[in-house]
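Okay, structure first, notes after.
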Amino acid sequence: MTTNRDLYDRARAVIPGGVNSPVRAFRSVGGVPYFVARAEGPRVWDVEGTEYLDMVQSYGAIIAGHAHPAIVEAVRTAAGDGTSYGAPTEREVLLAEEIAARVPSCEKVRMVSSGTEATMTALRLARGATSRSRVVKFAGNYHGHGDALLAESGSAVAHLDDAHGVPGSAGVPPTAVAETTVVPYNRVPTLDDDVACVIVEPVAANMGLVAPDPGFLEGLRVECDRVGALLIFDEVITGFRLHRGGAQARFGVRPDLTCFGKVIGGGLNVGAFGGRADVMDHLAPLGPVYQAGTLSGNPLATAAGLAALGLVDDAAYDALEATATRLADGLAKAFADAGLQARVPRVGPLVGIHLGGGEVHDYDGARTTDEATYGLLFHALLDRGVALAPGPYEVLFPGLAHDDAIVDEIVSRAADAAASVTARAPT
Ligand SMILES: *Cc1c(COP(=O)(O)O)cnc(C)c1O
């Protein structure tokens, strides 16, 4: 039998760290990553046949459970007609229409292949459209791995910051971030008139889960308007998950540009950005801001995305929120009963775990989480067949496949796991 250990050893010989995205390597929790063989609904199985109730759900790319028949069938059918053409297709129009219908601020949309590509391009577009250079981002918000936005990014970058003693990644020249200003989350900065754009996760979900304080997003809108800067919502996680119309619909703030990814690809490689038509029309071929992609608007990806969006109607969002509430309340009680100091914040269908006592409003607060205890909890849960993301700054992604029985099972295993953690390391 192929084991996780075998594959991990072979992987590390030919892939740096054995993985194609750093957090998957378990560096912040220790141990050997499980290699997934297949998945269905709320479950994944590794190559050894071990079953996990999965709260990772591809970091939010999956909303209706793994291998949903409607998505699988859509991709299968699309593949039979060819996997990429280099010419426009009908489904690109349908997906752009669907996004525009759900998210009114997106008068025009362009498809790309990842969330990173969406944010990088939105940034260039904002700079091109305003003829300004400065970008303002918030500490602890993650916008993919583009040079200009990597500083103080939360997620797995949190540990890079520590390792190098400098914010962000090695290999990013100082000039690449010379026009990036990083400010604390949940405080409206006073902007200068050289600011092209402010980019924000409207609900921060890469430093654990941090809700926007009342007035924060509204305040950003007012401040951007005051100096003529564009407001960019990075809704790569929140888009089509928090609400039919994303965080902007939930909080009633209209950004100039919005970035998408994850859910709109139904598990395939998709990103998109959209916004005001007058801004979007600065893109080539209409305008001078260049962006292109061999696989942009790919037939398989648009088929999967359309199928995924077809599964999330208003009733689905109500169900997601009920599931997340059951999960968050259950986990909070399980941790409290075990004497584990933890908070389980929830915003709509998103749930976080913060291993500390205080409420969190920004990155400094987020980083007070007890990372070592997260590692213990992670492994205690994994041993009991529940997969959380292997990093203390990731969130949980309950989806449409997590029915009440699954949630209750996860909560009961979490109670047992938490008790084993406090028995070992009383907090
Ligand atoms: C995941 C993520 C990205 C990057 O998307 P990729 O598809 O991984 O490149 C950007 N912004 C946010 C908020 C994300 O969570």
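Start at 1 and go down the list; that is how both ligands and their atoms are numbered. What you are looking at is a predicted structure, and each value in this text was computed from that prediction instead of being measured.
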Task: Distance-only side-chain donor-acceptor flag, Gln291 / Arg124, under 3.5 Å - done: no

Open item on the list: Checking contacts here: is it the side chain or the backbone of Lys262 that comes within 4.0 Å of ligand 1, counting heavy atoms only? Could be both or neither.
Closed with: side chain

- [ ] Using the ring of Tyr8 (Phe, Tyr or Trp, six-membered ring only), decide whether Arg12 places NZ or CZ under 6.0 Å from its centre and within 45 degrees of its axis.
- [x] yes

- [ ] Classify the side-chain pair Gln248/Thr258 by whether it contains a donor and acceptor separated by less than 3.5 Å.
- [x] yes

Task: N/O separation below 3.5 Å, Asn206 to ligand 1 - done: yes

Open item on the list: One residue to check: Glu201. Relative to ligand 1, which of side chain, backbone, both or neither has a non-hydrogen atom less than 4.0 Å away?
Closed with: side chain

- [ ] Examine the side chains of Glu201 and Tyr185 and answer whether a donor and an acceptor come within less than 3.5 Å of each other.
- [x] no

- [ ] Can you label the angle between the Tyr317 ring and the His243 ring as parallel, tilted or perpendicular, going by 30° and 60°?
- [x] parallel

Task: Per-atom contacts, ligand 1 versus Gly144 - under 4.0 Å to a heavy atom - done: 3 (C), 4 (C), 10 (C)

- [ ] May I ask you to list the atoms of ligand 1 that are less than 4.0 angstrom from any heavy atom of Ile237?
- [x] 15 (O)

Task: For Asp234, atoms of ligand 1 separated by under 4.0 Å from a heavy atom - done: 10 (C), 11 (N), 12 (C), 13 (C)

Task: Gly115 N/O to ligand 1 N/O under 3.5 Å - done: yes

- [ ] Taking only Lys NZ, Arg NE, NH1 and NH2, and the carboxylate oxygens of Asp or Glu, determine whether Asp281 and Lys108 approach each other closer than 4.0 Å.
- [x] yes

Task: Residues Glu218 and Arg221 bridged, charged N to O under 4.0 Å - done: no

TODO: Mind checking whether Asn141 contacts ligand 1 via backbone (N, CA, C, O), side chain (CB onward), both or neither, at a 4.0 Å heavy-atom cut-off?
DONE: neither

Task: Those atoms of ligand 1 less than 4.0 Å from some heavy atom in Thr116 - done: 4 (C), 5 (O), 6 (P), 9 (O)

TODO: Find all atoms of ligand 1 within a distance of less than 4.0 Å from any non-hydrogen atom belonging to Ser114, and give their numbers and elements.
DONE: 7 (O), 9 (O)

